[in-house]
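Here the structure comes first, spelled out in structure tokens, and everything after it is commentary.
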Amino acid sequence: MSGLLAFKHLKKNALQPTSSNWLRSLISLRFSHSLPFATVKAEEISGSKPAEVLNLVQGNWTRSSNWNTILDPLNGESFIKVSEVDENGIQPFVESLSKCPKHGLHNPFKAPERYLMLGDVTTKAAQKLSLPEVSRFFAKLIQRVAPKSYQQAFGEVYVTQKFLENFCGDQVRFLARSFAVPGNHLGQQSHGFRWPYGPVAVVTPFNFPLEIPVLQLMGALYMGNKPVLKVDSKVSIVMEQMLRLLHECGLPIEDVDFINSDGKTMNKLLMEAKPRMTLFTGSSRVAEKLALDLKGRIKLEDAGFDWKILGPDVQEEEYVAWVCDQDAYACSGQKCSAQSMLFMHENWSRSSLIQKLTSLAARRKLDDLTIGPVLTVTTEAMLDHMNNLLKIKGSKLLFGGEPLQNHSIPSIYGAIKPTAVFVPLEEILKDDNYELVTKEIFGPFQIVTEYKHDQLPLVLSALEKMHAHLTAAVVSNEPLFLQEVIGNSVNGTTYVGLRARTTGAPQNHWFGPAGDPLGAGIGTPEAIKLVWSCHREVIYDIGPLPHKWETPEST
Ligand SMILES: NC(=O)c1ccc[n+]([C@@H]2O[C@H](COP(=O)([O-])OP(=O)(O)OC[C@H]3O[C@@H](n4cnc5c(N)ncnc54)[C@H](O)[C@@H]3O)[C@@H](O)[C@H]2O)c1
């Protein structure tokens with residue numbers, strides 16, 4: 001999710017230290033073991049020194065009797081113990097949410113000083129997260145639980161920090177800006193307000209342990225809601241530590257509840273507490289179940305089967321190949337925006353693109369986590385999927401397709417080389433194959449296909465049949481080609497032009513699916529307002545009555 005922009009900044013500022021940040025780095029090393037808010041040391045968590053993750057409810061950090069042991073994705077050691085609430089333990093969370101009225105903790109007519117308070121908390125949190133020792137702590141902690149390269153983990157922290165910078169000071173109250181329209185007569189005026197939902201829930205997945213929960217949680221708070229937050233237990237240690245940082249920055253401890261549980265227990269909590277709105281980020285399977293269970297009181301950021309189309313104009317092959325490699329394989333393909341399908345114009349097939357992609361993929365190694373464990377799909381499942389694809393007429397393995405070697409990644413996780421399978425376009429479109437080919441594999445896996453100059457309509461019909469419409473990229477600088485593809489597709493975050501990519505969810509643009517009334521967004525003021533507030537109209541009609549007004553006939 002974290003973007004190339006962040007990566008560039010990182011390259012410039014963090015990987016090549018200037019003398020001033022060299023000095024800051026030295027200071028940061030000196031203090032890296034004494035972050036006042038932190039209860040763990042990212043690099044020291046191990047089987048012999050396991051970390052503990054607690055729950056937070058009604059202002060108290062609590063332990064349950066039930067501990068879920070998380071295995072270190074790199075060596076299988078039991079390195080984190082998560083205190084999980086089971087179905088019998090949800091009552092305090094239900095009660096806590098029930099204390100928040102539908103009109104929220106604040107709104108434009110109630111406790112407006114809370115908008116300012118949250119602006120101040122955000123200013124402090126942004127400042128703290130910018131300290132090298134703090135950003136390094138979170139980047140390292142992310143790497144421990146959701147292994148990705150340091151640059152990718154740092155990118156996540158960087159985007160989170162920039163997001164916080166965007167909502168400092170008065171920016172929180174500006175989110176609740178209202179408008180007024182003159183009425184029909186003297187004393188009448190209608191005002192539109194952004195209104196909170198009150199008790200709400202945020203459920204987030206494993207792949208972005210900091211960025212997704214922070215951006216959604218803060219949005220929920222800004223608009224006046226009281227959230228209960230649940231992050232996938234495999235990675236919830238990151239948000240547990242971030243909440244402690246937010247408390248240190250002045251966030252009232254009762255404002256957010258934090259629960260660790262399995263999906264079933266969370267489902268029960270949602271059914272019983274009946275939050276007025278739930279934001280769910282995760283798989284489409286769970287998204288669809290929750291949409292029914294919660295009777296539509298939900299917004300969704302679900303699966304991505306993200307595509308890229310390379311247009312007829314072949315140029316900057318080296319660059320385009322590099323972006324394709326990053327899009328498909330960074331974070332071992334575990335970004336919801338990862339490139340799942342590449343449509344190449346025949347002109348690109350004649351170029352050296354595939355050859356370049358093959359050698360870029362081969363550079364990735366476990367040592368620096370540019371390829372690494374896949375947390376929700378096993379090696380066997382990914383290879384089975386590949387073998388099923390290879391049964392399709394005309395399909396072939398382009399590269400990869402083998403397990404990683406010489407590692408101690410436990411077998412509950414997956415570990416394969418970056419993989420690409422070619423499937424002919426005509427075969428993709430056949431009903432018998434379409435579902436298999438467009439199945440989201442949340443790992444380093446992509447489908448590649450080719451289209452001839454007169455086959456763009458077939459490509460567009462393949463897009464039309466897809467279920468998920470999250471990100472897309474159209475790599476071309478030909479305006480008529482771009483117009484044709486944009487005009488005939490729907491993905492919510494679509495990059496177009498020579499430098500187009502599928503991944504990239506910086507804080508400066510909307511990220512989310514389109515074409516779905518339940519679709520959510522993340523990151524921008526528009527996303528926060530859409531997801532975390534509803535419209536309320538207050539019509540003032542204070543008179544005076546017209547001179548000599550008399551009761552008219554009934555109508
Ligand atoms: N659209 C986006 O912005 C976005 C971002 C990240 C990930 N994703 C998607 O998430 C998926 C990968 O994440 P995952 O495998 O962890 O997803 P998942 O759906 O299995 O889990 C997501 C979260 O939901 C919880 N959960 C599971 N069942 C539940 C239930 N019945 N009720 C309430 N909560 C429940 C999980 O514990 C976890 O915290 C991929 O499909 C990916 O595309 C989407």
Side-chain angles (χ1 to χ4, degrees), residues 1-2 53 68 70 82 84-85 87 90 93 145-146 148 156 159 201-213 215-216 228-236 238-239 258-273 275 278-294 298-306 331-340 374-378 381 412-414 438-443 445 466-472 491-493 502-505 510-516 518-523 527 531:
M1 232 171 131
S2 52
V53 182
N68 179 5
I70 307 296
V82 182
E84 283 202 351
V85 174
E87 294 189 19
I90 60 176
F93 293 88
V145 291
K148 40 181 120 171
E156 189 178 339
V159 168
V202 182
V203 183
T204 61
F206 74 88
N207 61 340
F208 284 89
L210 185 73
E211 184 179 341
I212 297 177
L215 270 56
Q216 293 295 9
V228 57
L229 170 66
K230 183 229 182 299
V231 182
D232 191 308
S233 290
K234 291 194 274 300
V235 303
S236 61
V238 177
M239 255 334 268
F258 176 65
I259 184 169
N260 297 294
S261 74
D262 60 16
K264 201 161 156 255
T265 303
M266 189 59 193
N267 208 138
K268 185 158 192 258
L269 170 61
L270 294 173
M271 303 280 280
E272 288 192 15
T278 294
L279 178 281
F280 174 80
T281 310
S283 63
S284 297
R285 181 184 60 82
V286 178
E288 278 160 26
K289 177 174 192 313
L290 288 178
L292 286 176
D293 288 353
L294 302 178
I298 190 164
K299 286 210 163 66
L300 302 174
E301 295 259 25
D302 57 348
F305 188 85
D306 309 296
C331 296
S332 304
Q334 294 167 99
K335 298 186 185 190
C336 46
S337 53
Q339 176 178 307
S340 299
V374 174
L375 299 199
T376 53
V377 200
T378 60
I412 54 163
Y413 300 135
T438 56
K439 181 173 174 206
E440 185 195 31
I441 296 293
F442 214 47
F445 199 98
M466 286 180 190
H467 300 294
H469 304 293
L470 189 57
T471 74
N491 292 37
T493 303
T502 62
T503 59
W510 168 281
F511 182 89
D516 180 354
L518 296 181
I522 188 169
V531 174

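When a ligand or atom number is given, it counts from 1 through the structure's own listing order.
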Which bit of V286 gets closer than 4.0 Å to ligand 1, counting heavy atoms only: side chain, backbone, both or neither? side chain
Treating D516 as the side-chain partner and L518 as the backbone partner, does any N or O pair qualify as donor plus acceptor under 3.5 Å? yes
Give the single entry among Q216, E301, E440, K234 that approaches atom 43 (O) of ligand 1 most closely by any heavy atom. E440
Give the contacting part of T376 toward ligand 1: side chain, backbone, both or neither, where contact means a heavy-atom distance below 4.0 Å. side chain
Is it the case that ligand 1 has an N or O less than 3.5 angstrom from some N or O of V231? no
Can you tell which of G521, S236, S283 gets a heavy atom nearest to atom 11 (C) of ligand 1? S283
Atom NZ of residue position K439 - does it have more than 12 heavy atoms of other residues, nucleotides or ligands inside 6.0 Å? no
Is there a nitrogen or oxygen of T204 sitting under 3.5 Å from a nitrogen or oxygen of ligand 1? yes
When you measure from the side chain of E156 to the backbone N and O of L210, does any donor-acceptor pair fall under 3.5 Å? yes
Charged tip of K148 within 45° of F208 ring normal and under 6.0 Å: yes
Please confirm whether L300 comes under 4.0 Å of ligand 1, counting heavy atoms of the residue only. no
Can you figure out which of G282, G512, A287 has its heavy atom closest to atom 9 (C) of ligand 1? G282
Checking the side chain of K335 only, and the main-chain atoms of T502 only, is there a donor and an acceptor separated by less than 3.5 Å? no
Would you mind telling me if ligand 1 is within reach of the side chain of T281, the backbone, both or neither, using heavy atoms under 4.0 Å? both
Numbered in order shown, the ligand 1 atoms found under 4.0 Å of a heavy atom of F511 are 3 (O)
Would you mind telling me if ligand 1 is within reach of the side chain of F280, the backbone, both or neither, using heavy atoms under 4.0 Å? side chain
Report yes or no: does Q216 contribute a side-chain atom to a donor-acceptor pair with the main-chain N or O of G521 at less than 3.5 Å? yes
Checking contacts here: is it the side chain or the backbone of D262 that comes within 4.0 Å of ligand 1, counting heavy atoms only? Could be both or neither. neither
Counting only heavy atoms closer than 4.0 Å, does ligand 1 sit against the backbone of N207, its side chain, both, or neither? side chain
Would you check whether N267 has a nitrogen or oxygen atom less than 3.5 angstrom from a nitrogen or oxygen atom of ligand 1? yes
Assess the residue pair K234 and V145 against the criterion (side chain to side chain contact (heavy atoms under 4.5 Å, CB included)); give the C-alpha distance rounded to whole Å, side-chain angles, the decisive distance to 0.1 Å, and a yes or no. CA-CA 7 Å; K234 291 194 274 300; V145 291; over 6 Å; no
Looking at D262 and K264, is there a salt bridge between them, counting it only when a charged N and a carboxylate O are closer than 4.0 Å? no
Option nearest atom 14 (P) of ligand 1 (shortest heavy-atom distance, choices F442, F208, F206): F206
With F258 via ring-ring contact (aromatic ring centres under 6.0 Å, His included) - residues at least two apart: none
